[in-house]
Amino acid sequence: MTVTDIAIVGVGKIARDQHIPAIAADPAFRLAATVSRSGGVDGVENFDTLTALLAARPDIRAVSLCMPPAVRYAAASQAIAAGRDVMLEKPPGATLAEVHALQDAARTAGVTIHATWHSRHANGVAAAKEWLSGKKITSVRIDWKEDVRKWHPGQAWIWQPGGLGVFDPGINALSILTEIMPHPLHLTAATLSVPSNCATPIAADLDFAGPDGLTVAAVFDWRLESGEIWQIAVETESGRLDLTEGGARLFLGGTEQPVDGPGEYPALYRRFGDLIAARASDMDLRPLVHVADAFMLGRHVAVDPFHD
Ligand code: NAP
């Protein structure tokens with residue numbers, strides 16, 4: 001088996017919680033270096049800047065970009081220009097134009113680019129997609145609620161332009177929705193609740209429409225004080241489907257179904273390895289399109305200031 005040397009850029013919460021263990025468990029990858037301003041990972045060579053890494057380590061063929069989305073474009077462009085394969089954490093960028101530009105640049109350079117959506121690899125999602133295929137769907141209700149202080153402790157970037165606010169987790173729900181729905185949807189209305197001292201929303205209500213009167217209502221809220229609710233309920237003419245716990249559990253007509261899988265991040269690295277081997281790319285931008293539409297069409301309502 002070919003082993004790809006890979007570097008993680010931005011060693012924060014998600015890199016430590018998920019990327020480092022997933023790379024360690026995947027025989028197709030070896031964590032060869034990091035780019036971190038805060039020190040990186042014990043026992044792994046660290047560079048202060050991506051420029052320094054790209055110059056010093058031409059043997060590192062792939063980079064996994066785990067920094068906040070607002071600064072991902074510059075790093076991805078640099079890595080593509082240096083001929084490296086690129087994995088993008090979600091959301092893949094801060095604007096649609098920049099991720100389209102990355103897609104074009106990767107194509108021109110002949111490198112792999114992968115816009116990852118980790119929630120699509122939750123264990124119940126593939127089976128949900130299969131069950132919904134060919135069914136007449138009448139409505140969908142999404143509740144995606146959590147405590148921002150638990151999941152984004154001290155992260156100032158989520159409240160700044162490009163940080164997406166509650167769409168940072170909400171886009172995970174949209175990534176599942178766009179994966180399992182057999183039809184395209186479009187946003188029809190949105191209300192974004194923005195703390196008076198922040199640039200991004202702490203909560204959002206979204207309405208979508210689809211073919212034949214299909215409606216989708218989504219509620220994203222970061223103000224839940226304990227636990228989390230990450231669920232999608234789909235009503236069809238042939239019965240009801242529920243995905244709960246972020247897509248990890250699947251219920252049909254209220255009965256839990258057995259589902260299995262390697263786990264979200266192991267599956268992402270397996271997919272990245274397959275794309276590299278095939279010299280292919282995967283940039284499904286539909287979840288980001290819905291978020292952009294919400295910022296474009298949504299009514300902005302000022303709510304209480306947020307203090308971490
Ligand atoms: P984080 O804890 O703030 O970590 C991001 C890391 O990126 C920082 O620790 C820093 O690493 C680097 N960084 C921060 N600001 C930067 C800047 N201006 N320029 C360059 N590098 C910068 O954030 P996170 O929670 O890991 O989230 C990062 C990405 O992962 C986001 O896109 C998020 O949506 C996604 N994600 C997060 C979670 C979660 O549960 N938190 C889950 C899934 C996906 P160094 O100090 O090493 O330079």
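Side-chain atoms are counted along with the backbone in the values below, which use heavy atoms only and exclude waters and symmetry mates. This structure is a prediction, so every number in the text was calculated from the model and none was measured. Both counts, for ligands and for their atoms, begin at 1 and track the order of listing.
Using modelled atom types, one side-chain atom of Thr138 and one backbone atom of Glu235 make a donor-acceptor pair closer than 3.5 Å. One N or O on the side chain of Arg61 and one on the backbone of Pro58 form a donor-acceptor pair closer than 3.5 Å. A donor-acceptor pair is defined here as one N or O able to donate and one able to accept, closer than 3.5 Å; no such pair exists between the side chain of Arg84 and the backbone of Val63. Between the side chain of Ser196 and the main chain of Asp304, no donor-acceptor pair closer than 3.5 Å is present.
In terms of protein heavy atoms, atom 4 (O) of ligand 1 is closest to Gly12 CA, 3.2 Å. In terms of protein heavy atoms, atom 18 (N) of ligand 1 is closest to Val71 CG1, 3.8 Å. With hydrogens left out, the protein atom closest to atom 1 (P) of ligand 1 is Gln155 NE2, 3.4 Å, a heavy atom. Of the protein's heavy atoms, Trp151 CE3, 4.0 Å lies nearest to atom 40 (O) of ligand 1. Protein heavy atom at the shortest distance from atom 27 (O) of ligand 1 is Trp157 CZ2, 3.6 Å.
Taking the side chain as every heavy atom from C-beta outward, Leu288 and Pro92 approach each other to under 4.5 Å. Looking at Gln257 and Phe251, their side chains never come closer than 4.5 Å, going by heavy atoms from C-beta outward.
Among Asp284, Ile180, Asn172, the one residue that satisfies the side-chain contact (heavy atoms from CB on, under 4.5 Å) test with Arg120 is Asp284.
Checked against a 3.5 angstrom limit, the closest N/O atoms of Arg72 and ligand 1 fall inside it. Geometrically, ligand 1 and His152 share no nitrogen or oxygen pair separated by less than 3.5 Å.
A 6.0 Å sphere centred on CZ of Arg299 holds no more than 12 heavy atoms belonging to other residues, nucleotides or ligands.
When the heavy atoms of Glu89, Lys90, Arg16, Gln18 are ranked by distance to atom 32 (O) of ligand 1, first place goes to Lys90. Across Ile14, Leu50, Thr34, Asp168, heavy-atom proximity to atom 33 (C) of ligand 1 is greatest for Asp168.
Remark: distances from the non-hydrogen atoms of Pro91 to ligand 1 include one below 4.0 Å.
Contacts of Val11 with ligand 1, taken as heavy-atom pairs under 4.0 Å, involve both backbone and side chain. By the criterion of a heavy-atom distance under 4.0 Å, the side chain of Tyr265, and not its backbone, is placed next to ligand 1. Within the 4.0 Å heavy-atom criterion, the part of Cys66 lying near ligand 1 is the backbone and not the side chain. Of the heavy atoms in Arg37, both backbone and side-chain atoms come closer than 4.0 Å to ligand 1.
Applying the 4.0 Å criterion to heavy atoms of Pro69 picks out, from ligand 1, the atoms 32 (O). Applying the 4.0 Å criterion to heavy atoms of Pro68 picks out, from ligand 1, the atoms 5 (C), 7 (O), 13 (N), 14 (C), 15 (N), 16 (C), 22 (C).
For the pair Asp274 and Arg271, the salt-bridge criterion is not met [side-chain N within less than 4.0 Å of a carboxylate O].
In summary, the aromatic rings of Trp144 and Trp151 are positioned with their centroids too far apart to meet the 6.0 Å limit.
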